[in-house]
Amino acid sequence: DGEVYKYYADGEWKTSSSGKSVSIINPATRKPQYKVQACTQEEVNAVMELAKSAQKSWAKTPLWKRAELLHKAAAILKDNKAPMAESLVKEIAKPAKDSVTEVVRSGDLISYCAEEGVRILGEGKFLLSDSFPGNDRTKYCLTSKIPLGVVLAIPPFNYPVNLAVSKIAPALIAGNSLVLKPPTQGAVSCLHMVHCFHLAGFPKGLISCITGKGSEIGDFLTMHPAVNCISFTGGDTGISISKKAGMIPLQMELGGKDACIVLDDADLDLVASNIIKGGFSYSGQRCTAVKVVLVMESVADELVEKVKAKVAKLTVGPPEDNSDITAVVSESSANFIEGLVMDAKEKGATFCQEYKREGNLIWPLLLDNVRPDMRIAWEEPFGPVVPVLRISSVEEGINHCNASNFGLQGCVFTKDINKAILISDAMETGTVQINSAPARGPDHFPFQGLKDSGIGSQGVTNSINLMTKVKTTVINLP
Ligand code: G3P
């Protein structure tokens with residue numbers, strides 16, 4: 001009971017000298033579930049020193065050997081799904097089946113990354129000087145990709161394992177060392193995941209996992225002079241990190257207000273099932289969740305009826321039972337969602353279901369006739385609440401989408417592919433899905449947000465490239 005999970009540094013599991021711990025509240029029971037070490041700034045310094053020196057020899061380790069170790073870690077991770085899946089259920093209330101899927105997807109991501117790494121890092125460029133005016137053929141330029149150094153990875157609570165490995169694997173294959181700061185909700189899942197890398201036999205100090213309070217070590221980590229790259233997924237914190245970080249590459253995926261634009265010729269059954277999947281899976285706690293439906297007035301009644309019928313079938317309850325809708329991550333999150341719902345109520349939205357909440361558990365809710373003066377038209381609930389705005393033209397939908405300060409993904413439903421492409425071009429988002437709900441995967445696809453939704457592009461290939469720098473050597477002939 002009183003056990004505090006250790007943090008990982010120098011290839012060992014350690015107890016913090018702070019003597020303090022951070023407790024992780026189970027979102028469903030609202031009772032303390034686990035405890036992790038509250039690491040100190042001195043411990044961060046020690047980890048950074050180790051990461052710097054381990055990286056030097058790791059960068060000289062042959063690429064195929066780095067890949068081999070990653071494949072090993074992927075296999076160990078998949079063989080040890082159970083403890084990670086169990087802690088995902090307990091600390092972030094992710095439904096049991098989805099928790100297993102997250103771990104398997106993570107193993108696949110690591111393997112894919114190892115394969116992609118050996119291909120793209122295994123080749124360089126050769127340039128000749130005489131293609132540029134005024135030059136003879138006397139300069140041969142060789143280019144290759146070199147690591148950045150120490151990569152700091154900060155994943156969010158909603159995919160603690162998957163969004164950690166999506167940063168760890170590209171960093172390592174590219175020859176970087178890695179310091180992981182897990183989210184508090186999700187820390188234990190991350191520690192189990194790190195143990196798989198430990199068992200795979202990576203060199204000491206190359207990977208570390210520091211747990212603790214953001215207020216004590218957050219800025220200290222992100223502003224640490226030893227850090228050469230930050231890969232962060234989460235909320236507004238990312239904006240403040242980007243303002244404080246040094247002159248280093250940043251990879252950031254922040255919020256989203258993904259719009260679902262529905263034209264009058266759309267297959268409404270397909271739209272309805274995608275609103276359910278896109279809006280309510282993991283209780284809407286995904287940056288890529290459908291967060292506003294913009295439907296043509298002419299088909300709005302029919303669509304709302306179809307979605308309502310499907311919402312009625314969603315199960316609500318504990319994650320252990322694979323309920324579709326589970327408790328949201330924290331009480332403050334539930335309060336925030338409730339605030340958006342009450343604002344919509346006061347301003348006259350149509351409630352397709354009765355609003356119901358018990359603790360952190362919020363029943364799925366579809367809000368019709370939402371107007372632009374309601375907060376829910378613009379803010380992301382990160383909960384099982386989907387607003388529907390009725391539009392009288394496609395332009396109105398595009399304008400609403402583009403007026404958002406977010407620009408992660410969006411989707412458009414129509415049978416007319418030409419219209420779909422034109423709408424996709426007009427939507428100011430990193431990705432537009434045609435006839436499907438937004439989603440990050442498959443994990444080798446580029447994934448990026450415009451505006452406040454992020455910096456840089458993710459997906460396996462882009463992450464590897466972002467965590468490297470181009471190095472050139474020029475041979476000068478007489
Ligand atoms: O919220 C995190 C974001 O990366 C979503 O991923 O796989 O649910 O689309 P996914």
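Counting starts at 1 for both ligands and their atoms, following the listed order. Because the structure is a prediction, the values reported are computed rather than measured. All residue numbers in this chain count up from 1 along the given sequence.
At a 4.0 Å cut-off, at least one heavy atom of R105 sits close enough to ligand 1 to count as contact. A heavy-atom separation below 4.0 Å is not found between Y282 and ligand 1. For the pair N162 and ligand 1, no heavy-atom separation below 4.0 Å is found.
Nearest protein heavy-atom neighbour of atom 8 (O) of ligand 1: Y159 OH, 2.4 Å. Nearest non-hydrogen protein atom to atom 1 (O) of ligand 1 is C287 SG, 2.3 Å.
Both the sub-6.0 Å distance and the 45° axial angle are satisfied by K345 relative to the ring of F351. Annotation: cation-pi pair R440/Y159 present, NZ/CZ under 6.0 Å from the ring centroid and within 45° of its normal.
Under the 3.5 Å distance criterion, with hydrogens and angles disregarded, no donor-acceptor pair is assigned to the side chains of R286 and N158.
Listed by number with element, the atoms of ligand 1 under 4.0 angstrom from any heavy atom of R286 are 1 (O), 8 (O), 9 (O), 10 (P).
A perpendicular orientation is assigned to the rings of F382 and F157, their planes being inclined by more than 60° (bins at 30° and 60°).
Nearest to atom 6 (O) of ligand 1 by heavy atom, out of Q409, R440, Q285, is R440.
Salt bridge status for E320 with K90: present, with a side-chain N to carboxylate O gap under 4.0 Å.
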